[in-house]
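Contents: one structure, followed by commentary.
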Amino acid sequence: MLKLFNTLSRKKEEFQPLSDVVGIYTCGPSVYQYAHIGNFRTFVFEDVLVRYLRFRGFRVKRVMNLTDVEDKAIATARKEGKTLQELTEYYSRIFFEDMEKLNLLPADVFPRATEHVPEIIGIIKKIVDNGYAYRGKDGTVYYDVSRFNRWGELSHLKLVPGKKKIKRDEWGEDSAIISDFALWKSYEKEDGNVFWETELGKGRPGWHIECSAMCTKHLGTRFDIHVGGVDNIFPHHETVMAQNFGAFGENPSKYWLHTRHLMIDGRKMSKSMGNFYTLHDLLEKGYRPMVIKYLLLSMSYRRRLNFTFHGLEEAGENLEKIHCAIERIKRAKGVDDVEKIAMKALKKFEKVMNDNLDTGKALKIMEELSDAVIGMEPDKGSSRKILETFRTMDSILGLSLFKPF
RNA sequence: GGCGGCGUACCCAAGUGGCUAAGGGAGAGGUCUGCAAAACCUUUAUGCAGCGGUUCAAAUCCGCUCGCCGCCUCCA
């Protein structure tokens, strides 16, 4: 039985789907700059989640949004003298290329925030009608956090009531204060030509409402799994829950999964600190995409992973070993009946994957199988079985083991 | 200050109450070799941040202390 750690309960829970199609929503990239490999740690994990669910026989619908309108994107476009669309199109294209390089399956839907303004308006109106939002003096529509008594349930934060209003995607000094956040931001000069004329007035969507609108449109008001990095727990996912409660009276997702950060020099790899590598950076240094992916998978997603070049080298060696083992087995003409080893390995593999998708241990099991196999002369039947096992594991981890290394 | 995570050898790391604490990497010694590399062999924690407690038994459970990190309105 598959168990997943649910941030909401802070417990591992048995995965029981709501219906015959498992709905998964993942917060995708903000497409105003290159995604870094810390971002990809999350996307790689999500890919394995989807692949594993399919392996277990579930039908899955995965939705991954592209945040293509927000403060930073607007500011960046302005600075670079581009339109918002030119900027986000460019980075979206790069993102899709990176996904392909890392052998990540495309989501079933890649909704863009700018293409969902009518849905966004619709959901804001519901929230207003239900009494969970109000209009500020300048026309900005704010979510009234004081009306939502389950605020803080996901992040487990005890927040202090306050009167602050947050209009832009700002970050301030007043921490631990409950603030009302913008659902619809009225037009400001620095928005330039980024605005929509709507029945809520001239303006643009708030950052948080985009996800509520898109997940609801593509997966309904209640779906199975919502995934993202831990830094999204608060405020982003907390607000998504609040918004969906305001509009539809329920928490949109049964399970909330959060990946821990990729660290560098003991610190979180982040855009704002500038201590990151993009996929492109590492490819340029000569590292192969699958080696990078191997490193990203080498630790359970619930644990922090410290990025080092030494670790990357080791990942490369381990991956090479597995490739060698597969090549050897392909040509094996021995007489040993060693089918059992393959079956045992697969069993162990499933066991660790069932335990909250521990890809780090799963990789170790693959390495052990490779080590075992390298010293053997398996017969034809065993060879076929071993190759099948590797193929199955590869279909879940997506490491392109059967392509030239 | 609140919530959470982590601390096992020089480095990474497994370990989830019970045989002498996995495995890699690096280092040291060796086999082989004209030398080197590769490969292979040997070796490296009376001890798991510290202190106290529970127990027949603790790296593992409990309490306290120290240190590092994450979140507490940019962020995967």
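Here is the naming used below: chain letters follow the sequence lines, and residue numbers restart at 1 for every chain.
Contact annotation for A/Lys364: no contact, since no heavy-atom pair falls under 4.0 Å across all strands. Nucleic acid contact for A/Ile233: none, since no nucleic acid atom lies under 4.0 Å from a heavy atom of the residue. Heavy atoms of A/His36 sit under 4.0 angstrom from at least one base atom. Nucleic acid contact class of A/Gly311 (heavy atoms, under 4.0 Å, all strands): none.
Scanning RNA chain B for stems, defined as runs of 3 or more consecutive Watson-Crick or G-U wobble pairs whose donor-acceptor distances all fall under 3.5 Å, gives the following ranges: B:1-7 with B:66-72, B:10-12 with B:23-25, B:27-31 with B:39-43, B:49-53 with B:61-65.
Nucleotides B/C69 and B/A59, compared at atom P, are 28 Å apart to the nearest Å. The same atom, P, is picked in B/G25 and in B/C48; the two are 26 Å apart, to the nearest Å. Spacing between B/C3 and B/A13 at atom P, rounded to whole Å, works out to 27 Å. On the C1' atoms, B/A37 is 42 Å away from B/C19, given to the nearest whole Å. Across the P atoms, B/U44 and B/C10 are found 14 Å apart, a figure rounded to whole Å. Nucleotides B/A14 and B/G24 have their P atoms positioned 15 Å apart, rounded to a whole Å. When the P atom is compared between B/G23 and B/C61, the two are found 24 Å apart, to the nearest whole Å. Distance noted for atom P between B/C56 and B/C64: 24 Å (whole Å).
The 5' end of RNA chain B is approached more closely, in terms of each residue's nearest nucleotide, by A/His156 than by the other of A/Phe181 and A/His156. Across the interface with RNA chain B, nearest-nucleotide mapping of A/Gly228 and A/Glu317 shows A/Glu317 to be the residue nearer the 5′ end.
Ring geometry for A/Tyr187 versus A/Phe195: interplanar angle over 60°, hence perpendicular rather than tilted (30 to 60°). Using the six-membered ring where Trp is involved, A/Tyr132 and A/Phe148 have ring planes that are perpendicular, over 60° apart on the 30 and 60° scheme.
Between the side chains of A/Thr7 and A/His258, a donor-acceptor pair is found at a separation under 3.5 Å. There is no side-chain donor-acceptor pair under 3.5 Å between A/Glu70 and A/Tyr32. Residues A/Thr114 and A/Asp68 bring a donor and an acceptor atom of their side chains to less than 3.5 Å of each other. Donor-acceptor pairing under 3.5 Å is lacking for the side chains of A/Gln33 and A/Thr76. A donor and an acceptor atom, one from each side chain of A/Asp98 and A/Tyr34, are nowhere located under 3.5 Å apart. Of the N and O atoms on the side chains of A/His36 and A/His280, not one donor lies less than 3.5 Å from an acceptor on the other residue. No donor-acceptor contact under 3.5 angstrom links the side chains of A/Ser382 and A/Glu339, judged on distance only. Between the side chains of A/Ser253 and A/His226, no donor N or O sits under 3.5 Å from an acceptor N or O. With no hydrogens or angles considered, a side-chain donor-acceptor pair links A/Ser9 and A/Glu13 at under 3.5 Å.
Judged by a 6.0 Å distance limit and a 45° cone about the ring axis, A/Arg391 is positioned over the six-membered ring of A/Phe402. Remark: A/Arg288 qualifies as a cation-pi partner of A/Phe405 under the 6.0 Å distance and 45° angle criteria applied to the six-membered ring.
If you take CG of A/Asn356 and P of B/G5, they are 14 Å apart, rounded to a whole angstrom. The distance between atom CG of A/Asp231 and atom C1' of B/C69, rounded to the nearest whole Å, is 14 Å. Put simply, CG on A/Leu66 is 14 Å from C1' on B/A76, counting in whole angstrom units. We find that OH of A/Tyr301 is positioned 16 Å from C1' of B/G70, with the value rounded to whole Å. Rounded to whole angstrom, the span from the CZ atom of A/Phe234 across to the P atom of B/U73 amounts to 6 Å. Taking atom CG of residue A/Leu305 and atom C1' of nucleotide B/C12, one finds them 11 Å apart after rounding to whole Å. Distance, A/Arg304 CZ to B/A13 C1': 17 Å, rounded to whole Å. B/G70 atom C1' lies 20 Å from atom CZ of A/Phe307, rounded to whole Å.
For A/Arg10, the listed nucleotide lying nearest its side chain is B/C3; candidates were B/C72, B/C3, B/U16. For A/Ser179, whose side chain is taken as the heavy atoms from C-beta onward, the closest listed nucleotide among B/C69, B/U73, B/A76 is B/U73. Residue A/Glu314 places its side chain closer to B/G25 than to any other of B/A14, B/A76, B/G25. Distances from the side chain of A/Met299 to the nucleotides B/G4, B/A14, B/C3 place B/A14 closest. Considering only the side chain of A/Ile166, B/U73 comes nearest among B/G2, B/A76, B/U73. When each of B/G70, B/G15, B/G24 is scored by its nearest atom to the side-chain atoms of A/Val230, the top-ranked nucleotide is B/G70. Distances from the side chain of A/Asn232 to the nucleotides B/A76, B/C72, B/U16 place B/A76 closest.
For A/Arg78 (side chain) and A/Glu190 (main-chain N/O), a donor-acceptor pair under 3.5 Å exists by modelled atom type.
Between A/Lys321 and the phosphate of B/G24, there is no side-chain N or O to OP1/OP2 separation shorter than 4.0 Å.
A heavy atom closer than 4.0 Å to some atom of RNA chain B occurs in no member of residues 80-109 of chain A. Applying a 4.0 Å cut-off to non-hydrogen atoms, the residues of residues 260-270 of chain A that approach RNA chain B are A/Arg260, A/His261, A/Leu262, A/Met263, A/Gly266, A/Arg267, A/Lys268, A/Met269, A/Ser270, listed by residue number.
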